[in-house]
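Side-chain atoms are counted along with the backbone in the values below, which use heavy atoms only and exclude waters and symmetry mates.
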Amino acid sequence: AVTGSPKAVRNSPMERLHSEDSGGLAAFAHLPSFAMSFYGDIEDEEDEEECDFGIGGRQTTFHFQPPEDATVEDVLDALGKWRKMNVIQLTPDMTIEMGMEIISKHKIRAAPLVSSEGKILQMLDLKDILEMIATCYEKGISLEASINHMKLPLSTFLLKPVEHTAFINESSDAKQSIVELVNKKFLEQKVHRLATQNEEGQLVNILTQSDVITFLSNDTSRIGTKGCKKLKDLDFNKKEIVVERETTSAIKLLMQMRQHKVRVIPIVDAAGKFLGSFSASMIRGLRADQLPLLEKPALELLKELGDYVEPLKFSDTATLEECIHALSRTGAYELFIVGKRDKFLSIVSLTDILKTVFSPTVQYIQQMLRSKPPVVPVGHSRDLSSVLDTMNRGGVTAVPVMSDREDFLGFIDLHDILDVLVTHYEETSELSTAPLEALAGPLACALGTADTSFLLDGDEDREPIGDIVQSHFLGRRLKYLAIGDCSGPPDSIFSEWEVCKYLCQHERWISKGATKLCDVPLPNLDLTIHFFTPIIDALVLMKKHNVRAAPIVTTEGKLLGEISTEMLQGFTAADIPRLTNTVTEFLGLQQNICSERVVTVTAGETLYNLIKKVSTQKQSTQKAFLVDRSRAVQSVVTLSDIMRLVWGPARSSVSSVDTC
């Protein structure tokens with residue numbers, strides 16, 4: 001809604017791509033539009049180590065500036081919007097028809113409704129007006145009759161709560177990180193533009209998603225190494241998308257947009273070939289007396305109105321940075337991924353781009369959660385018995401092991417120490433404290449987590465959390481990550497549980513959050529432990545099956561409790577003789593009464609409910625048990641399984657169930 005921007009000059013993205021102010025694109029002006037629309041098909045014939053950015057030019061080295069280092073003031077100032085009033089405004093007494101004419105004249109998608117005192121009342125989107133017409137049509141009101149509705153005042157739309165409009169203050173929010181702004185406003189509140197106010201509450205400017213895209217395009221160092229990633233590697237093809245045929249009328253498409261809460265609908269033929277798209281902004285030039293034309297097929301209507309815009313098309317081999325440059329230069333609001341013979345594959349919106357670029361980092365998550373788990377280092381010459389004492393005093397289940405020179409040797413957790421006891425028992429059939437006389441250093445080195453579990457403070461801890469999860473928690477199957485500068489003990493420890501806690505507070509990052517557990521791939525049940533089993537035998541079986549937790553069940557298979565690191569927290573050398581006790585005796589379980597500390601879910605619950613239950617425990621838990629109505633256990637879902645469902649492939653199933 002800002003005048004004077006390049007977006008208000010030309011209708012077609014392809015026209016703007018070929019314009020003189022397109023910088024590096026001028027060299028491509030002689031190419032036909034179909035060639036220009038497939039940036040991803042341009043082959044890189046240079047050295048493989050270089051990254052071809054196509055539109056933005058070739059860049060062989062990165063000078064990465066983390067996005068969180070940029071503030072709101074930095075973005076507004078770079079775009080020439082800092083403390084400058086240049087906004088198209090609407091007033092409540094204007095008619096809807098007049099509002100549409102103003103939006104059409106300035107080629108914008110939305111404008112603020114402002115009071116006589118200059119205070120913003122509501123952000124009015126063209127989509128709101130057209131959805132009103134579509135709602136009337138659904139109720140049986142003809143498009144001819146809807147012409148009268150266009151004479152209503154714009155104050156009609158003030159019935160929506162003002163909270164639907166997001167604000168930022170030019171003073172108090174000026175130093176806010178752009179990462180925090182994007183996450184809290186654009187993504188969490190699901191808005192596309194923000195009203196900038198002064199201290200008196202008066203409208204000063206508008207900050208849009210397109211503005212942030214332009215900021216990234218002008219300063220590609222903010223994108224980092226993600227800019228080289230291809231679209232096919234960024235999970236854009238996983239979205240469920242509403243598509244329609246070329247014969248569908250414009251009014252039906254508006255109804256579909258309202259029903260599915262989308263802003264654009266791709267149009268394809270019977271073979272799935274991408275023909276074009278339809279959105280409310282494409283028909284902003286529609287006059288009130290032309291409303292009956294909405295019953296025509298959408299593409300036919302667009303061509304008749306002269307508002308048809310050639311959409312941006314990319315192959316899935318195009319890079320993220322190419323997309324950002326093209327979206328910025330054309331002013332387009334989305335791009336379409338197509339395959340061979342223009343087969344439609346997916347759509348990428350500005351929100352998708354922002355979500356990818358501003359994906360939370362380890363550093364950002366720890367700042368938001370205000371939680372840095374205590375770091376309790378131990379020396380390499382400490383025996384395992386004293387390591388247990390250190391864990392119990394610190395209230396932790398894992399500790400970093402340091403050498404005499406303060407080098408990080410790796411992590412040891414309670415599970416590792418129990419494995420040492422179990423191995424000794426398997427070899428000698430004896431339970432004794434002798435294994436705990438082993439030194440921490442050799443065990444930590446044998447586990448080999450030193451090189452793989454250390455994130456460099458200020459470098460790797462600013463990588464997107466998805467990359468960290470894929471490479472460390474899933475790829476290397478680690479449970480903890482040390483964060484620091486390698487010059488001493490870790491500054492903090494980052495775990496899978498913190499990731500789940502963040503996901504619980506920011507549901508938008510869970511693409512399958514509303515999916516029921518019965519519809520997602522969960523691991524088969526590997527092992528169950530009967531309540532009368534000696535705990536040492538249960539630990540032997542857990543080691544055999546390579547699991548960190550197992551359900552304790554009754555003879556009828558009903559869940560009573562669990563054997564896990566969390567349940568055994570507080571274990572000391574003095575408890576070793578008691579390992580011959582049954583699991584119920586050792587853990588203090590009551591028969592036929594399920595422990596309150598056990599997290600259970602049912603198949604009818606959603607993935608988000610699972611994450612919420614796991615992450616809101618007073619004590620961090622590493623798993624949940626999927627049970628049926630009779631409390632029979634069907635699966636053990638670990639934090640690693642949750643990570644796979646959110647970021648990676650499902651774990652391979654194990655068919656057999658071993659019951660002790």
Side-chain angles (χ1 to χ4, degrees), residues 5-42 54-56 104 107-109 126 210 213-214 217 231 236 241 243-248 250 253 257 262-269 271-286 296-318 322-350 352-353:
S5 69
K7 298 174 188 176
V9 179
R10 299 174 178 85
N11 289 330
S12 168
M14 297 315 302
E15 289 178 29
R16 291 192 287 272
L17 277 171
H18 289 81
S19 67
E20 294 179 359
D21 61 357
S22 292
L25 288 178
F28 297 102
H30 65 283
L31 295 176
S33 60
F34 73 86
M36 282 298 299
S37 64
F38 279 87
Y39 306 108
D41 286 343
I42 300 176
I55 297 174
S104 173
K107 301 187 183 302
I108 54 180
R109 284 204 301 183
L126 179 64
S210 294
I213 294 294
T214 298
S217 178
L231 296 181
F236 290 138
I241 301 170
V243 296
E244 285 290 347
R245 294 286 304 278
E246 69 275 21
T247 55
T248 308
L253 289 179
M257 290 163 59
V262 296
R263 302 185 71 89
V264 61
I265 293 181
I267 299 175
V268 300
D269 64 11
K273 179 181 178 180
F274 178 68
L275 301 177
S277 62
F278 179 81
S279 67
S281 61
M282 291 182 175
I283 54 173
R284 53 189 162 201
L286 190 72
K296 288 190 173 186
L299 292 181
E300 181 182 331
L301 171 63
L302 292 174
K303 291 174 181 178
E304 184 173 331
L305 293 174
D307 287 337
Y308 181 71
V309 176
E310 184 71 26
L312 284 178
K313 296 185 294 183
F314 284 79
S315 76
D316 61 4
T317 59
E322 287 176 339
C323 297
I324 290 174
H325 283 308
L327 288 167
S328 172
R329 292 179 186 278
T330 64
Y333 302 114
E334 63 279 316
L335 59 90
F336 301 88
I337 304 176
V338 296
K340 294 181 179 180
R341 299 183 181 86
D342 267 10
K343 183 175 178 62
F344 174 75
L345 298 178
S346 189
I347 183 173
V348 181
S349 66
L350 300 185
D352 294 327
I353 299 286

Between the CG atom in Leu126 and the CD1 atom in Ile283, the distance rounded to the nearest 0.5 Å is 7.0 Å
Quick check with a 6.0 Å cut-off and a 45 degree axis cone: is Arg109 positioned over the face of Tyr333's six-membered ring? yes
Which residues satisfy the side-chain contact (heavy atoms from CB on, under 4.5 Å) test with Pro266, sequence neighbours excluded? Ile241, Val243, Phe274, Phe336, Phe344
CG (Asp352) and CD (Glu334) are apart, to the nearest 0.5 Å, by 10.5 Å
Which pair of heavy atoms, one from Gly276 and one from Pro311, lies closest together, and at what distance? CA-CG, 4.3 Å
Salt bridge (Lys or Arg N to Asp or Glu O under 4.0 Å) partners of Lys343, counting only residues at least two apart: none
Where do Ala332 and Leu312 come nearest, in terms of heavy atoms and distance? CB-CD1, 3.8 Å
Quick one: are Ser328 and Thr214 in side-chain contact, heavy atoms under 4.5 Å? yes
Provide the closest heavy-atom pair for Ile267 versus Glu246 in the form atom of the first, atom of the second, distance. CG2-CA, 3.5 Å
Note: Ile337 and Ser315 closest approach over all heavy atoms is CG2-C, 4.2 Å
Please report the shortest heavy-atom distance between Val338 and Leu345, naming the atom on each side. C-CD1, 3.7 Å
Taking all heavy atoms of Phe278 and all of Ala298, pick out the closest pair and write down the distance. CD1-CB, 3.7 Å
Working note: Leu231 + Cys323, criterion side chain to side chain contact (heavy atoms under 4.5 Å, CB included); need CA distance, chi angles, decisive distance, verdict. CA-CA 9 Å; Leu231 296 181; Cys323 297; 3.5 Å; yes
Partner residues of Lys273 under the side chain to side chain donor-acceptor pair (under 3.5 Å) criterion, sequence neighbours left out: none
Would you compute the distance between atom CG of Leu305 and atom NZ of Lys296 and round it to the nearest 0.5 angstrom? 9.0 Å
OG1/Thr317 to CD/Glu322 distance, rounded to the nearest 0.5 angstrom? 8.0 Å
Could you list the residues that satisfy side chain to side chain donor-acceptor pair (under 3.5 Å) with Ser279, not counting sequence neighbours? Ser281
The side chain to side chain donor-acceptor pair (under 3.5 Å) partners of Glu244 (sequence neighbours excluded) come to Thr248, Gln256
Look up atom CD1 in Ile353 and atom OG in Ser210, then write down how far apart they are to the nearest 0.5 Å. 11.5 Å
